[in-house]
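The next block holds one structure in the form of structure tokens; read it before the comments.
We name chains A, B, ... by the order of the sequence lines, and we start the count at 1 in each one.
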2 protein chains.
Amino acid sequence: MTEHARGHTHSAAPEAALREGGRRLTPQRAMIWEILRAEPDTHLSAEEVAARVHERMPQVNASTVYRNLDVLVEDGLVLRTDLGESRAFFELAHEHAHHHLVCESCGAVDHVHDDVFADVPARIHDSVGFRVGGREVTLHGICRQCADAARDPRANERDS
Amino acid sequence: MTEHARGHTHSAAPEAALREGGRRLTPQRAMIWEILRAEPDTHLSAEEVAARVHERMPQVNASTVYRNLDVLVEDGLVLRTDLGESRAFFELAHEHAHHHLVCESCGAVDHVHDDVFADVPARIHDSVGFRVGGREVTLHGICRQCADAARDPRANERDS
DNA sequence: ATTTATGCAAACGTTTTGCATGTGT
DNA sequence: ACACATGCAAAACGTTTGCATAAAT
């Protein structure tokens with residue numbers, strides 16, 4: 001689940017992609033990019049990104065972060081994912097889909113490989129003509145930890 | 001798609017379920033329930049429910065609607081579904097899962113029968129131990145209409 | 001010179017809260 | 001009488017916007 005840990009294609013600063021749209025790679029933008037790159041497995045909300053930015057560049061305004069996240073998403077460099085409950089998260093755009101499993105109990109976000117969906121998109125397309133998004137899917141449910149905790153109350157010690 | 005139009009299990013006013021928790025079926029609650037029951041295929045946001053309520057009972061405050069939607073969800077009578085983009089919708093709780101397909105292009109919400117998922121939940125559980133929610137799943141993508149419109153620009157006439 | 005980006009502050013829209021009043025049990 | 005529910009107004013929340021300034025082209 002950490003196969004893409006070390007820098008490759010997408011980790012290079014995204015100057016090119018930005019400049020295509022007449023955009024500039026400002027220090028603030030670079031910082032946001034860097035923050036997302038540094039935590040590939042965390043799903044950061046806009047607010048959390050803003051907080052991270054603020055730690056390192058206190059003078060940067062939250063609105064700048066919001067604006068830049070929008071820009072990066074618009075240019076396809078960053079992916080905005082809705083995890084439900086009005087929680088939108090941001091992460092670097094990947095080549096291939098990885099899907100999100102949001103635990104309804106503890107809020108944790110697991111990942112699944114695209115494989116598990118097998119031919120579901122095809123079946124959906126066949127039955128209703130809907131083309132499931134090229135990107136990410138979010139499922140809700142109960143993660144292993146919470147399921148275990150519910151099954152064996154004693155295991156609660158590691159939870160809240 | 002209107003099989004459950006006339007009163008049976010779920011369409012009956014939910015007095016019993018409410019009273020179990022020491023709750024009361026107030027006129028406001030009944031109205032909300034009625035509104036959701038009247039539009040089984042629409043996915044109403046809290047705000048839209050509030051608006052519908054206001055049409056019929058103008059003196060009812062929005063906060064009452066918000067509070068009551070919470071209560072109904074809490075008691076399992078109403079289902080809150082997150083359709084992404086901070087759009088949460090409400091509908092009467094059903095027996096069996098039906099899933100939502102949100103068109104990223106036009107925002108329309110399609111439904112798919114649970115069948116299309118076949119053994120996906122099992123596969124997910126096997127691979128990461130995550131138990132996909134007993135209820136509803138939301139997928140994002142492009143609906144048939146929008147896909148057709150994109151493929152054959154001439155068909156745009158029925159769209160925006 | 002022109003465009004793009006920033007900081008600031010103020011506005012926004014939705015949802016939540018505190019509190020006094022009302023209603024049902 | 002008591003617990004539960006309501007209306008109202010105010011606050012809260014995360015996000016967005018207008019505008020003057022600053023930086024890059």
Side-chain angles (χ1 to χ4, degrees), chain A residues 13-35 43-75 77-78 80-90 107, chain B residues 13-35 43-75 77-78 80-90 107:
Chain A
E15 303 183 50
L18 282 170
R19 298 209 170 267
E20 273 178 31
R23 283 178 158 146
R24 298 162 193 172
L25 182 57
T26 63
Q28 294 88 336
R29 246 163 232 180
M31 175 57 77
I32 290 171
W33 175 266
E34 180 54 34
I35 281 164
H43 295 85
L44 297 167
S45 66
E47 235 192 341
E48 288 167 328
V49 173
R52 300 268 201 296
V53 170
H54 190 79
E55 284 174 17
R56 296 162 164 96
M57 303 174 69
Q59 79 283 13
V60 174
N61 195 268
S63 67
T64 301
V65 176
Y66 282 101
R67 277 190 284 232
N68 279 333
L69 283 171
D70 285 350
V71 165
L72 292 169
V73 169
E74 214 171 85
D75 288 6
L77 297 164
V78 165
R80 165 192 268 115
T81 307
D82 289 299
L83 259 29
E85 295 280 334
S86 69
R87 297 164 66 199
F89 292 81
F90 298 85
Chain B
E15 303 184 48
L18 283 170
R19 298 207 171 267
E20 273 177 32
R23 300 204 138 122
R24 297 162 193 172
L25 182 58
T26 63
Q28 293 88 338
R29 246 162 233 180
M31 177 56 79
I32 291 170
W33 175 265
E34 181 53 36
I35 281 163
H43 295 87
L44 297 167
S45 68
E47 235 191 342
E48 289 168 327
V49 173
R52 300 268 201 297
V53 170
H54 190 80
E55 285 173 16
R56 296 164 165 92
M57 303 173 71
Q59 78 284 14
V60 173
N61 195 267
S63 67
T64 300
V65 176
Y66 283 101
R67 275 191 284 234
N68 280 332
L69 282 170
D70 286 348
V71 164
L72 293 169
V73 169
E74 213 172 86
D75 288 5
L77 297 164
V78 164
R80 163 192 269 114
T81 306
D82 288 297
L83 260 30
E85 296 278 334
S86 70
R87 297 163 66 198
F89 291 81
F90 298 85

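Using a 4.0 Å cut-off on heavy atoms, the residues of residues 48-70 of chain B that approach DNA chain C are B/Ser63, B/Tyr66, B/Arg67, listed by number.
In this entry the distance linking CD of B/Gln28 with C1' of D/dC4 reads 12 Å, nearest Å. Distance CZ (B/Phe89) to C1' (C/dT14): 13 Å, rounded to an integer number of Å. Protein atom CZ of A/Arg29 is 12 Å distant from nucleotide atom C1' of D/dA24, rounded to whole Å. Distance CG (A/Leu18) to P (D/dA24): 15 Å, rounded to an integer number of Å. C/dT6 atom P lies 13 Å from atom CE of A/Met31, rounded to whole Å. Rounded to an integer number of Å, the gap from B/Ile32 CD1 to D/dA5 P is 12 Å. In this structure, A/Glu47 atom CD and D/dA12 atom C1' are separated by 12 Å, rounded to whole Å.
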Give me, pair by pair, the N or O atoms of the protein and of nucleotides 21-24 of chain C that are less than 3.5 Å apart, along with how far apart they are.
{"unit_1": "C/dT23", "atom_1": "O2", "unit_2": "B/Arg24", "atom_2": "NH1", "d": "3.4"}

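In terms of heavy atoms, A/Ala30 sits closest to A/Leu25 at N-CD1, 3.9 Å. The minimum heavy-atom distance between B/Val71 and B/Leu18, with the atom names listed, is CG1-CD2, 4.2 Å. Closest heavy-atom contact between A/Val53 and A/Ile32: CG2-CG1, 3.9 Å.
The stretch residues 60-73 of chain B participates, sequence neighbours left out, in these salt bridge (charged side-chain N to carboxylate O under 4.0 Å, His left out) pairs: B/Asp70-B/Arg80. Within the structure, salt bridge (charged side-chain N to carboxylate O under 4.0 Å, His left out) pairs that include any residue of residues 47-57 of chain A comprise A/Glu39-A/Arg52 (at least two apart or interchain). Listed by first and then second residue, the salt bridge (charged side-chain N to carboxylate O under 4.0 Å, His left out) pairs that reach into residues 19-29 of chain A are A/Arg23-A/Glu74, A/Arg23-A/Asp75, sequence neighbours excluded.
Here CG of A/Leu77 is found 11.5 Å from CD of A/Glu15. Values are rounded to the nearest 0.5 Å.
When each of D/dT15, C/dT15, D/dT6 is scored by its nearest atom to the side-chain atoms of B/Ala46, the top-ranked nucleotide is C/dT15.
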* In sequence, state the C-alpha distance, the side-chain angles, and the governing distance for A/Thr81 and A/His43, and then conclude on side chain to side chain contact (heavy atoms under 4.5 Å, CB included). => CA-CA 9 Å; A/Thr81 307; A/His43 295 85; 5.8 Å; no
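Remark: B/Ala46 pairs with B/Tyr66, B/Leu69, B/Phe90 by the side chain to side chain contact (heavy atoms under 4.5 Å, CB included) rule, at least two apart or across chains.
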